[in-house]
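What follows is one structure encoded as structure tokens, with my remarks underneath.
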There are 2 protein chains.
Amino acid sequence: MNIGEIAERAGVSRSTVSYALSGKRSVSEETRRKIQRVIDELGYRPNASARALANGRTSTIGLVFPPAGNHYTGMQLDFIGSVVEAAAVHDYDVLLSPSGVDSDRSFQRLLGERRVDGAILMEIRLEDDRVEHLAELDFPSVAIGRTAHPESGWWVSLDHTALAAACVHHLADLGHRRVAFVNRPEQLLYAGYESAHRGLDGFTKAAAERGLTVRTYCCGDDAASGQECVERILHDDPATTALVTLNEAALGGLYRGLARAGRHVPRDFSVTGIVASRWAETVTPQLTAADVPAEEMGRRAVDLLVERIEQPTAPGRHHLLTPPISLRASTGPATGTPIP
Amino acid sequence: MNIGEIAERAGVSRSTVSYALSGKRSVSEETRRKIQRVIDELGYRPNASARALANGRTSTIGLVFPPAGNHYTGMQLDFIGSVVEAAAVHDYDVLLSPSGVDSDRSFQRLLGERRVDGAILMEIRLEDDRVEHLAELDFPSVAIGRTAHPESGWWVSLDHTALAAACVHHLADLGHRRVAFVNRPEQLLYAGYESAHRGLDGFTKAAAERGLTVRTYCCGDDAASGQECVERILHDDPATTALVTLNEAALGGLYRGLARAGRHVPRDFSVTGIVASRWAETVTPQLTAADVPAEEMGRRAVDLLVERIEQPTAPGRHHLLTPPISLRASTGPATGTPIP
DNA sequence: CTAGCTTCGCGAACCGGTTCGACGAAGTGA
DNA sequence: TCACTTCGTCGAACCGGTTCGCGAAGCTAG
């Protein structure tokens, strides 16, 4: 069943049906009703491929998300969900693209074959060839995160520098003097992931400012690594009384490691970091943290992308978000007498 | 840049280029090389919409997933990831469709407009009009979960009945006599979600078989609800010594509730259920549970769907999975002297 | 030498929409 | 009454691929 059949049954031409549907030229009320009746009767819907071919737009956006090898974090999940819902509001579908092992291949699929009108990129690196590549091609895209040269681009990002610094200040205000930083895995840091770098940076600078003694660690994205990381921290400096993390997936393991070592949170040891609220509330005691507003970020990314798609000449726009620290139950005043 | 330009530069016709690419007719080695050189030079890739229009296949599968209002669980996340990766192996892309508030609308988009060659449905109900609707249309689809009439369909499912029963037997073997069941939220049970129903069923029957005293509860998909649910359980029957859950998102809250009530896991109280291993390992003590093999389920669902798409006449196939219970640290022998 | 078969390439039709130019009918103002 | 608009509709071209039928050239066999 196609537009020709509708036209035939309604006794009009194919173009008239098209105009009746799109409203791009006026069609008399009478013919419009005749056409609509036939459409309703047959349950006709225009073929998406044909439409995309004819007018050059697919009404689909690509979501380039990290490979599963990296375990997904809760934040990514919330994010995907919010992108899909926001896209639906603008009448776009979302095509998932694994930027996994063979990222070139799926990139080619999305862009080269023109499957999507624009793309949202996750897991941005400071020097990100994907971002540069897309900018060169003048292909609409919005990054979740900023590269080292964010001035002119389209992106939505957390201010990891400021958030990590806020965590440090919070701990310093509570009297903590020896603080550890638990980052994402080593490979990600080496690969230049911006959140890992900027978070580390913000932590280090703020700690220096407050005269804290710090150690920084990389930690795998799972509970076992988190536990092992705490062991390393307490081994390297048993006088450590607090940690800051942006590794959501390791959080449960960090708590377990502290419990095993006999450190009570928050009495003997404070924990804070940058984590989606839903997960911060899952652990006991609930985590005092800068809540990642994943839902808002997804929505804003889609809004920006749609804007970019619809007016290709517009200058770059972006949102830098700095959510406040939500005080929950995982931080407290330093006792001054750490367990030996 | 299109196939015509390639043809022109290579000095051949458009059809020859097409055949050289698809290999559906023989093309001399010499012309093939000439064409390939031009293609490589220009970085040509055939337009997906045009191809889809011409041969009637989009090389895309739809993943119909639950609305975000329901908080996503970790299992769903792992699942989405594995579907995307498995699809990529078969050269399919994945289009996400929120079956949210306006599920009809997005359904129409996917199927009516022929955006996808087939669909994978999540969050199946015992009486699921989507499944029936697709079966009537003879549209290729695979369900994650089975309806009340699963005989002839295409699906991949956990045997929630058997798994819940296995949890009961595990607890009964440890000597527990008073056991609670923590289900998904009430609305989902009422709506007929199959995992909630079959899980409850398996639990109830096995408990009767072993002569246990049981109470069953519905619980929201978040930590706060989990905590509150434990309070209810201990209020209703303080002699309860164990619980079984298939509510992953409430798990952290269940643990917190038990800790608040002064019940030590597993000394005073045992917890088990049906949960993805990654999340079972996040809580402390780690959860003894039937591990949801989300990755395997996603892969199998895609394999089935591709099979169904490629041979439309094949009879229904399915996989019913019953992963074993992984013994971790959250269950132990009943003490016989519950805390008053 | 010619009939018959392969191999290789071409042109045209087709998939199902959108859009442009043209044209007849009706309406308007002088 | 005539020139000029406006309105509603149609036919044809186009988007960028795929596929079918045909025919030219080259080979083999009788």
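Quick note on labels: first sequence line is chain A, next is B, and so on, each numbered from 1.
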Legend entry - Test: Arg308(B) and Asp138(B) ion pair at under 4.0 Å: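 Judged by the 4.0 Å cut-off on N to carboxylate O distance, Arg308(B) and Asp138(B) do form a salt bridge.
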
Could you state the [atom1]-[atom2] distance from [X] to [N], rounded to the nearest angstrom?
X: Arg57(A); N: dC14(D); atom1: CZ; atom2: P; answer: 23 Å
X: Leu53(B); N: dC14(C); atom1: CG; atom2: C1'; answer: 9 Å
X: Arg114(B); N: dG16(C); atom1: CZ; atom2: P; answer: 10 Å

Using a cut-off of 4.0 Å on non-hydrogen atoms, how would the nucleic acid contact of [X] be classed: base, sugar-phosphate, or nothing?
X: Ser28(B); result: sugar-phosphate
X: Thr31(B); result: sugar-phosphate
X: Ser26(B); result: sugar-phosphate

Inset, instruction - Can you establish whether the number of heavy atoms outside Arg45(A) located under 6.0 Å from its atom CZ is more than 12? - result: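 Yes, enclosed.
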
Inset, instruction - Going 5' to 3' through nucleotides 17-23 of chain D, assign each nucleotide B (protein heavy atom under 4.0 Å from a base atom), S (under 4.0 Å only from sugar-phosphate atoms) or - (no protein heavy atom that close). - result: BBBBB--

Inset, instruction - Look at the side chain of Arg109(B) and the backbone N and O of Asp91(A), then say whether any donor-acceptor pair between them is shorter than 3.5 Å. - result: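 It does hold such a pair.
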
Inset, instruction - Start with the C-alpha distance between Ile309(B) and Arg57(B), add both sets of side-chain angles, then the distance that settles side-chain contact (heavy atoms from CB on, under 4.5 Å), and finish with yes or no. - result: CA-CA 10 Å; Ile309(B) 290 172; Arg57(B) 305 190 350 121; 3.6 Å; yes

Inset, instruction - Would you please classify the geometry between the Trp155(B) ring and the His318(B) ring as parallel, tilted or perpendicular, with 30° and 60° separating the classes? - result: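 His318(B) vs Trp155(B) ring planes: parallel.
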
Inset, instruction - Ignoring hydrogens and angles, state whether a donor on the side chain of Glu194(B) or Ser157(B) is under 3.5 Å from an acceptor on the partner side chain. - result: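 A pair is found: one side chain offers a donor N or O, the other an acceptor, under 3.5 Å apart.
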
